[in-house]
Every structure is written in C-alpha cells, then in structure tokens.
Amino acid sequence: QVQLAESGGGLVQAGGSLRLSCAGSRRTFSTYDMGWFRQAPGKEREFVAASTWSNGRTYYTDSVKGRFTISRDIAKNTVFLQMSSLKPEDTAEYYCAAGLSVVNVRSLGSYNYWGQGTQVTVSS
C-alpha cells in the first residue's frame with residue numbers, strides 16, 4: 001500500500017510563495033509518476049503539475065506555468081511543489097497523487113494513490 005502525506009499549506013498574501021511537500025515510501029518515488037491536483041470549494045478537482053519517472057519530464061496546467069515548479073528528492077522520499085507569485089485563484093485544497101506508468105498525467109483516474117490534502121489560502 002502506498003501512503004502519501006502532504007504538508008506545507010497555509011495562508012499567504014497574493015504575490016507570496018509556499019512550498020508544498022508530499023512524503024511517501026521510497027518505492028513510491030523510485031517507480032511512480034507523481035502529480036499535484038487542487039480542488040477549490042464548489043469546483044472539481046483539477047490537474048496542477050506532474051513529474052513522470054520514465055522520462056523525467058514535468059507538466060503544468062497553463063495557469064501555473066512559470067509560477068509553480070514540481071520536483072522530487074529521491075533521497076528524502078519527497079515530492080515538492082514550489083509555488084510563487086500566488087494569486088487568490090490559487091486558493092484550494094492541494095493533493096498529491098501517485099501512479100505507475102501514467103498515460104495521461106492530467107487525468108485523476110490515472111493515479112492510484114492520493115494524499116489527504118493540504119489547504120492553501122491566498123488573500124488579496
């Protein structure tokens with residue numbers, strides 16, 4: 001069973017930065033593709049960023065390109081989401097997810113395991 005745990009959320013002013021962390025077992029980060037998703041109140045969960053193990057590529061939704069960076073530290077068994085120039089519309093619960101050989105990194109259904117989420121609130 002793969003277990004994931006997010007941390008690092010909080011309240012920040014617009015223009016500020018936060019770094020989210022997703023800690024998991026070593027096996028998770030040796031073979032799994034990792035994604036970050038978010039869900040705002042009353043909205044569906046949406047793709048934010050992903051990091052694929054097989055080819056080392058990263059993917060971002062258009063609204064966060066140039067502001068967010070996904071990275072992984074195998075030695076620390078952790079995936080990070082560095083968020084900068086935050087906007088009020090980035091306010092949401094953020095979830096990390098893991099899947100094997102993910103075909104569509106932007107699809108929720110591609111991932112088998114999810115963390116419990118961490119809240120990010122950006123004030124204007």
Side-chain angles (χ1 to χ4, degrees):
Q1 182 72 16
V2 174
Q3 294 185 336
L4 304 172
E6 303 95 335
S7 61
L11 174 64
V12 64
Q13 290 187 333
S17 299
L18 281 175
R19 188 176 76 161
L20 306 184
S21 300
C22 175
S25 64
R26 181 175 182 177
R27 180 172 178 267
T28 302
F29 299 98
S30 295
T31 60
Y32 280 69
D33 299 327
M34 302 298 299
W36 283 97
F37 290 76
R38 65 186 180 187
Q39 187 167 17
K43 295 188 177 181
E44 294 184 349
R45 193 171 298 189
E46 64 175 3
F47 169 76
V48 177
S51 169
T52 53
W53 173 254
S54 59
N55 57 17
R57 292 185 62 181
T58 57
Y59 305 81
Y60 299 93
T61 192
D62 286 346
S63 63
V64 308
K65 284 181 180 177
R67 300 189 298 122
F68 291 11
T69 302
I70 185 172
S71 62
R72 63 171 82 195
D73 187 328
I74 302 299
K76 295 183 178 180
N77 305 327
T78 303
V79 170
F80 301 100
L81 185 66
Q82 177 67 49
M83 306 185 296
S84 303
S85 301
L86 283 161
K87 304 175 182 180
E89 51 263 43
D90 294 319
T91 295
E93 188 84 4
Y94 282 71
Y95 299 88
C96 70
L100 279 172
S101 301
V102 170
V103 175
N104 182 355
V105 298
R106 293 172 172 80
S107 172
L108 277 73
S110 296
Y111 298 88
N112 304 103
Y113 303 100
W114 293 82
Q116 82 289 349
T118 184
Q119 178 66 38
V120 171
T121 303
V122 184
S123 62
S124 57

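The model shown is predicted, which means the values in this text are computed figures rather than measured ones.
Of all non-hydrogen atoms in Leu81 and Ala49, the two that sit nearest each other are CD1-CB, 4.1 Å. Across all their heavy atoms, Ser123 and Leu11 have their closest contact at CB-CD1, 4.4 Å. Considering all non-hydrogen atoms of both residues, Ala5 and Gln116 come closest at CA-OE1, 3.6 Å. Of all non-hydrogen atoms in Gln119 and Thr121, the two that sit nearest each other are NE2-OG1, 3.4 Å. Contact between Leu100 and Thr31 at its shortest, heavy atoms only, is CD2-O, 3.4 Å. When all heavy atoms of Pro88 and Ala14 are compared, the pair lying nearest together is CD-CB, 4.1 Å.
Screening Gln82, Met83, Arg67 for a side-chain contact (heavy atoms from CB on, under 4.5 Å) involving Ser17 leaves a single residue, Gln82. Among Phe37, Phe47, Tyr95, the single residue meeting the ring-ring contact (aromatic ring centres under 6.0 Å, His included) criterion with Tyr111 is Phe37.
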What do the steps show when you test Arg38 against Asp90 for side-chain contact (heavy atoms from CB on, under 4.5 Å), and what is the final call? CA-CA 9 Å; Arg38 65 186 180 187; Asp90 294 319; 2.9 Å; yes
side-chain contact (heavy atoms from CB on, under 4.5 Å) evaluation trace for Leu108 with Trp114: CA-CA 10 Å; Leu108 277 73; Trp114 293 82; 4.0 Å; yes
Start with the C-alpha distance between Thr118 and Leu20, add both sets of side-chain angles, then the distance that settles side-chain contact (heavy atoms from CB on, under 4.5 Å), and finish with yes or no. CA-CA 8 Å; Thr118 184; Leu20 306 184; 4.0 Å; yes
Given the rule in the side-chain contact (heavy atoms from CB on, under 4.5 Å) test, do Leu86 and Phe68 qualify, once you have shown the distances and angles that lead to the verdict? CA-CA 9 Å; Leu86 283 161; Phe68 291 11; 3.8 Å; yes
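With hydrogens and angles disregarded, a donor-acceptor distance shorter than 3.5 Å links the side chain of Glu6 to the backbone of Cys96. Looking at Ser51, its side chain never comes within 3.5 Å of a backbone N or O of Thr58 through a donor-acceptor pair.
By the criterion of side-chain heavy atoms lying less than 4.5 angstrom apart, applied directly or through intervening Ile, Leu, Val, Met, Phe, Trp or Tyr residues, Leu4 is not grouped with Phe80; the two fall into different hydrophobic clusters. The hydrophobic clustering, which links ILVMFWY residues whose side-chain heavy atoms are closer than 4.5 Å, places Tyr113 and Val102 apart. Tyr59 and Trp53 fall into different hydrophobic clusters, where Ile, Leu, Val, Met, Phe, Trp and Tyr are joined by side-chain heavy atoms under 4.5 Å apart, directly or via other members. The hydrophobic cluster containing Val48 also contains Leu18, counting ILVMFWY residues as joined when their side-chain heavy atoms lie under 4.5 angstrom apart, directly or transitively. Note: the hydrophobic cluster containing Trp36 also contains Val64 (ILVMFWY, side chain heavy atoms under 4.5 Å, direct or indirect links).
Taking OG from Ser63 and NZ from Lys87, the interatomic distance works out to 7.5 Å, rounded to the nearest 0.5 Å. The line from CE of Met34 to OG of Ser71 is 11.5 Å long, rounded to the nearest 0.5 Å.
Annotation: salt bridge (charged side-chain N to carboxylate O under 4.0 Å, His left out) contacts of Lys65 (sequence neighbours excluded): Asp62.
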